Protein chains: 2
Amino acid sequence: MEGTIAGEGTRTTRKEAMAETRRKLMAAGREAFGTIGYAEASMDDLTAAAGLTRGALYHHFGDKKGLLRAVVEEIDREMSERLGAISAAAGSRWQGLVDEQVAYIRMALEPEIQRIMFRDAPAVFGDLSQWPSASACVAALKAHLDALLAEGAIVEIDTEAAARLISGAGGYAATWIATSEDPAETSARAVASFRTLLDGLRARGM
Amino acid sequence: MEGTIAGEGTRTTRKEAMAETRRKLMAAGREAFGTIGYAEASMDDLTAAAGLTRGALYHHFGDKKGLLRAVVEEIDREMSERLGAISAAAGSRWQGLVDEQVAYIRMALEPEIQRIMFRDAPAVFGDLSQWPSASACVAALKAHLDALLAEGAIVEIDTEAAARLISGAGGYAATWIATSEDPAETSARAVASFRTLLDGLRARGM
DNA sequence: CGATTTGACATACGCGCCGTATGCCACTAT
DNA sequence: ATAGTGGCATACGGCGCGTATGTCAAATCG
C-alpha cells in the first residue's frame, strides 16, 4: 500500500524525503544566517553544507529571501512559545508582563536571534511586525496590556502603540547589550532601567 | 600662482575638484541608498548618475561600505544639529526632552533617514550607537536625562540605559509609522503613547 | 506487475556586480 | 619648461544569484 517492501520503518517515501531536505536547508540557513549573516551567506556554500545543491533550495523556497522568510517564521514561532510559557508561569498579570519583556530582551542576546531577527530580517523585509504571522510577540504584549487596562492596573494608553514602543525599546536594548564589551553588566543595567520604565505605566493610585 | 590663466574665479584647483567629486558621490549615495536601498544599489549606476565611474568611488571611499559610512556620518551630524536646535528652543528642560524625542520620531519618517539610518546602516554595521561619532542623538538624550535627574525632576534611573531604551522605542515607532497604511494617524497614536511613556519617568512627588 | 507520468533535485548557463590592477592626463612643484 | 604626482577612467578576474534544462526514483494506472 505504501509502495515499499514491508514495514521497514525508515523507508524513504516521497514526502518524508522532501520534509527531510527542507529541514536540512532550514538548519543550514539558521546556521549561516545566524553567524556570517544574510548578505555574506553564499547559497552554494549553504546548500553544500546541507549535502545538497542550489537546485533544492530554489525548488523549495523560490529564492534566497524565501529561505530567510521561512527561517524567520520558524524562529518567530519558537519565540512566541517560549514567551507564552514564561508569562503563564508568573504569579500576577503584571509580573507576567514584566517577566515576559525581560525574557524578550534576554532572548535577543542569543546570537542567532540577535542576528537574524533583529538585524538582517528588518533590513531585508522592512518591518516585521506587519506580517501575516505578525510577530506574535507584539500581539501577545498588546493582549497583556489590554487585560491590565481593563483591570485598571495601568494608566490610560493606546495598547497597540504601547506594545510596539515597549517591544522596540526591548529590541534596541538587546542590540546594545549584544554589542557591548561586558554583556552581563550591560544586561543588568538595561533590565533594571526597563523595569523602571515599565513601572511608569502602572496606575498612579497604586 | 594658482597655475591658471587669470583670476577666473571658478577655476579648477585640484582640491576644489576633489571636494566637488566627493560631494557628487555623497549626493548620489544618499539618493540611491535612500530610495532603492544599500543592497540593491549598483555602484556602476550610482557613479554614472554622478557623472563619474567606479574608479572615483574606490579612490575616495575604499569600497561600497566606505561610501555608506560617510553618508551615515553626514546624516548623523545633520540630525544632531536639528535636534539640538529644537530642544534649545523649548521652554523647560522637560519640555525640551519631550520635543526632541517627538522630533526624533518625526525625522525618522523622512524616507532617506528611515531607510539609511534605521534600516540599512544597522544591518551593515551592527549597532550604530557604538560608533566613534557615536550617534550623537543618544548622547544628547543622556545629557538631558542627567540634568533632569540632578534637578529631581525624574525618578532614579540609569540615564544612559534609559536614553538607549527611549531612543530604541522612538526608532521602532518610526518604522511602524513609516510602514503603516495611514502614517498620519499612526504617527499621532505613536506620539501620544510616547508622551505617556515618558511621563511615567517624571518624579512622583510632582 | 510493468509501463507511463510526475516531480524532486542536480547540472549548466548567462548576467550583473564588486574589488583590483593598470593606464592616462591634468595639475603641481622646481 | 620639464619632471613628477595623483585623481580618476578603463580593463580584468571572480563570485554569486536566478533560470532553464536534464535525470532518475517514486507514485499512479491499466
Side-chain angles (χ1 to χ4, degrees), chain A residues 1-29 32-33 36-71 120 123-124, chain B residues 1-29 32-33 36-71 120 123-124:
Chain A
M1 156 178 280
E2 200 65 280
T4 70
I5 313 290
E8 205 178 323
T10 62
R11 203 53 260 141
T12 146
T13 157
R14 203 70 175 266
K15 294 228 161 153
E16 287 171 356
M18 241 186 110
E20 177 63 17
T21 62
R22 218 186 128 87
R23 279 182 38 220
K24 282 184 192 166
L25 289 172
M26 297 269 296
F33 295 157
I36 62 176
Y38 177 78
E40 295 302 313
S42 155
M43 300 315 265
D44 276 313
D45 298 348
L46 188 152
T47 51
L52 298 162
T53 68
R54 292 210 336 276
L57 211 179
Y58 285 92
H59 188 75
H60 281 276
F61 300 101
D63 61 354
K64 189 178 179 179
K65 284 185 184 179
L67 177 60
L68 178 62
R69 195 187 321 272
V71 166
D120 288 344
V124 174
Chain B
M1 148 178 286
E2 199 66 280
T4 70
I5 313 290
E8 207 179 322
T10 62
R11 206 52 262 146
T12 145
T13 158
R14 203 72 175 263
K15 294 227 160 153
E16 287 171 357
M18 243 187 107
E20 177 63 17
T21 62
R22 219 186 128 86
R23 280 181 38 219
K24 282 184 191 169
L25 289 172
M26 297 269 296
F33 295 157
I36 62 176
Y38 176 78
E40 295 302 314
S42 156
M43 300 315 265
D44 276 313
D45 298 348
L46 188 151
T47 51
L52 297 162
T53 68
R54 293 211 334 278
L57 211 179
Y58 285 91
H59 187 75
H60 280 276
F61 300 100
D63 62 353
K64 189 178 179 179
K65 284 186 185 178
L67 177 60
L68 178 61
R69 194 188 322 272
V71 166
D120 289 344
V124 175

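Only this structure's heavy atoms are used, side chains among them; waters, hydrogens and symmetry mates stay out. Naming convention: chains lettered A, B, ... in sequence-line order (proteins, then strands); numbering from 1 in each chain. In this text, all values refer to a predicted model and were calculated from it rather than measured experimentally.
- To the nearest 0.5 Å, atoms NZ (A:Lys64) and CE (A:Met43) are separated by 6.0 Å.
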Checklist entry - Base, backbone or nothing for each nucleotide of nucleotides 16-22 of chain C, written B, S, -, heavy atoms under 4.0 angstrom, 5' to 3'? => result -SBBB--
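- We find that CZ of B:Phe61 is positioned 14 Å from C1' of D:dG7, with the value rounded to whole Å.
- B:Glu20 places its CD atom 15 Å from the C1' atom of D:dC8, with the value rounded to the nearest Å.
- Atoms CD (B:Glu16) and P (C:dC27) sit 11 Å apart, rounded to a whole Å.
- Residues forming a salt bridge (Lys or Arg N to Asp or Glu O under 4.0 Å) with A:Glu20 (at least two apart in sequence, or on another chain): A:Arg23.
- In terms of phosphate contacts, B:Thr13 brings a side-chain nitrogen or oxygen within less than 4.0 Å of OP1 or OP2 of C:dT28.
- Atom P of nucleotide D:dA9 and atom NE2 of B:His60 are separated by 9 Å, given to the nearest angstrom.
- An OP1 or OP2 oxygen of D:dG6 is reached within less than 4.0 angstrom by no side-chain nitrogen or oxygen of B:His59.
- Atom CG of B:Leu57 is separated from atom P of D:dA9 by 10 Å (rounded to the nearest Å).
- The nearest pair of heavy atoms linking B:His60 to B:Leu25 is CD2-CD1, 4.2 Å.
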Checklist entry - A:Leu57 and A:Leu67: side chain to side chain contact (heavy atoms under 4.5 Å, CB included), yes or no, with the steps? => result CA-CA 8 Å; A:Leu57 211 179; A:Leu67 177 60; 4.2 Å; yes
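- Considering all non-hydrogen atoms of both residues, A:Val71 and A:Met26 come closest at CG2-O, 4.0 Å.
- Of the listed nucleotides (C:dC9, D:dA9, D:dG7), C:dC9 has the atom at the smallest distance from the side chain of A:Met18.
- Across all non-hydrogen atoms, the minimal contact from A:Ala123 to B:Asp120 is O-OD1, 4.5 Å.
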